[in-house]
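Keep in mind that what you see is a predicted model, and the values were worked out from it rather than measured.
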Amino acid sequence: TPARRTGGSAAVTGRHRLVDLVREALRFLLGTCLGLTVDLGVFEAAVRLEAAPGVANVVSSGCAVVVMYLVVTRYVFRADRSRSSFALFVAYYAVSIATFSIVIQILHETTGWLPFICKLVSLPLSFAANFVSSKVIFRRAGRPAESPSDGPVAGRNVVEAGEATR
């Protein structure tokens, strides 16, 4: 049977979910690279202007949050943008930024490493926390992930057209 050859429908579904998760993580990574470019550029400029590393991180991260929101909603999770999702996203990132700013400041003060190195050291944990939190904020109730080149999900236009006529 086809299910037996593919390892069973549960195994196929599990693989599809894993593939979708990996695709989301890769898109998030690309978006993070864009946000990180903004973040690191502003951070370095602020430090050169003699801002404390923790303060420089708050400013640079704030700029990156706006870039990330735009990328995450459009390309990673394909979520609708709204004031409430933006507020929730910013609120989460405010806590994340504050936490990692303290980590960077403490790391700098205890190791004597350059602030930029301390910022780089914080990135893997920051990426993981931000991906998981963004996924929760923008989780999509049962809808399969679409790529920008995919057409609409089957039947979705019919439902949307029906809702638009109410």
Side-chain angles (χ1 to χ4, degrees), residues 16-153 156 160:
H16 286 296
R17 286 185 184 155
L18 181 60
V19 168
D20 288 344
L21 180 63
V22 169
R23 284 183 182 150
E24 278 181 345
L26 289 174
R27 286 192 303 259
F28 190 81
L29 179 61
L30 290 173
T32 297
C33 288
L34 178 61
L36 185 58
T37 299
V38 170
D39 190 356
L40 294 176
V42 173
F43 180 81
E44 184 62 16
V47 168
R48 286 179 186 237
L49 292 171
E50 299 183 7
V55 172
N57 191 61
V58 169
V59 172
S60 67
S61 297
C63 294
V65 165
V66 174
V67 171
M68 284 298 301
Y69 178 78
L70 297 173
V71 170
V72 165
T73 54
R74 172 67 177 104
Y75 296 106
V76 179
F77 300 115
R78 291 175 182 80
D80 293 330
R81 293 180 185 148
S82 66
R83 288 183 198 152
S84 61
S85 71
F86 183 72
L88 186 57
F89 189 80
V90 169
Y92 163 74
Y93 269 87
V95 171
S96 177
I97 290 165
T99 300
F100 284 100
S101 295
I102 292 167
V103 167
I104 290 166
Q105 188 69 39
I106 291 170
L107 192 58
H108 172 67
E109 290 173 0
T110 59
T111 64
W113 295 344
L114 294 173
F116 194 79
I117 300 300
C118 296
K119 172 84 171 175
L120 291 176
V121 167
S122 75
L123 292 178
L125 183 57
S126 174
F127 174 83
N130 293 342
F131 175 72
V132 170
S133 296
S134 293
K135 186 160 180 63
V136 169
I137 291 169
F138 298 112
R139 85 176 143 246
R140 301 169 48 167
R143 290 191 295 168
E146 301 172 43
S147 72
S149 62
D150 288 346
V153 174
R156 191 160 128 200
E160 289 170 354

Contact summary for Ala56 and Ala46, nearest pair of heavy atoms: CB-CB, 3.6 Å

Working for side chain to side chain contact (heavy atoms under 4.5 Å, CB included), residues Leu125 and Phe100: CA-CA 9 Å; Leu125 183 57; Phe100 284 100; 4.0 Å; yes

Parallel, tilted or perpendicular: rings of Tyr93 and Phe89 (30°, 60°): tilted

Heavy-atom side-chain proximity of Val72 to Phe138 below 4.5 angstrom: yes

Ser133 side chain vs Asn130 backbone, donor-acceptor pair below 3.5 Å: no

Leu29 side chain reached by Phe131 side chain, heavy atoms, under 4.5 Å: no

Residues Ser126, Lys119; criterion side chain to side chain contact (heavy atoms under 4.5 Å, CB included); working and verdict: CA-CA 10 Å; Ser126 174; Lys119 172 84 171 175; over 6 Å; no

Sidechain-backbone polar pair: Ser96 side chain, Tyr92 backbone, donor-acceptor under 3.5 Å: no

Exam field: side chain His108 to backbone Leu114, donor-acceptor pair closer than 3.5 Å: no

Smallest separation among heavy atoms of Ile97 and Val58, with atom names: CG2-CA, 3.9 Å

Backbone N/O of Gly35 and side chain of Asp39: donor-acceptor pair under 3.5 Å: no

Residue pair Lys135, Leu21: steps toward the side chain to side chain contact (heavy atoms under 4.5 Å, CB included) verdict: CA-CA 10 Å; Lys135 186 160 180 63; Leu21 180 63; 3.8 Å; yes

Main-chain N/O of Leu70 paired with Arg81 side-chain donor or acceptor, under 3.5 Å: yes

Closest contact, heavy atoms only, Tyr69 versus Ser85: OH-OG, 2.7 Å

Non-hydrogen side-chain atoms of Val121 and Trp113 separated by less than 4.5 Å: yes

Any Leu40 side-chain heavy atom under 4.5 Å of Leu120 side chain: yes

Heavy-atom side-chain contact between Thr111 and Cys118 under 4.5 Å: yes

Any His16 side-chain heavy atom under 4.5 Å of Val19 side chain: no

Nearest-0.5 Å distance, CG of residue Leu26 to OG1 of residue Thr32: 11.0 Å

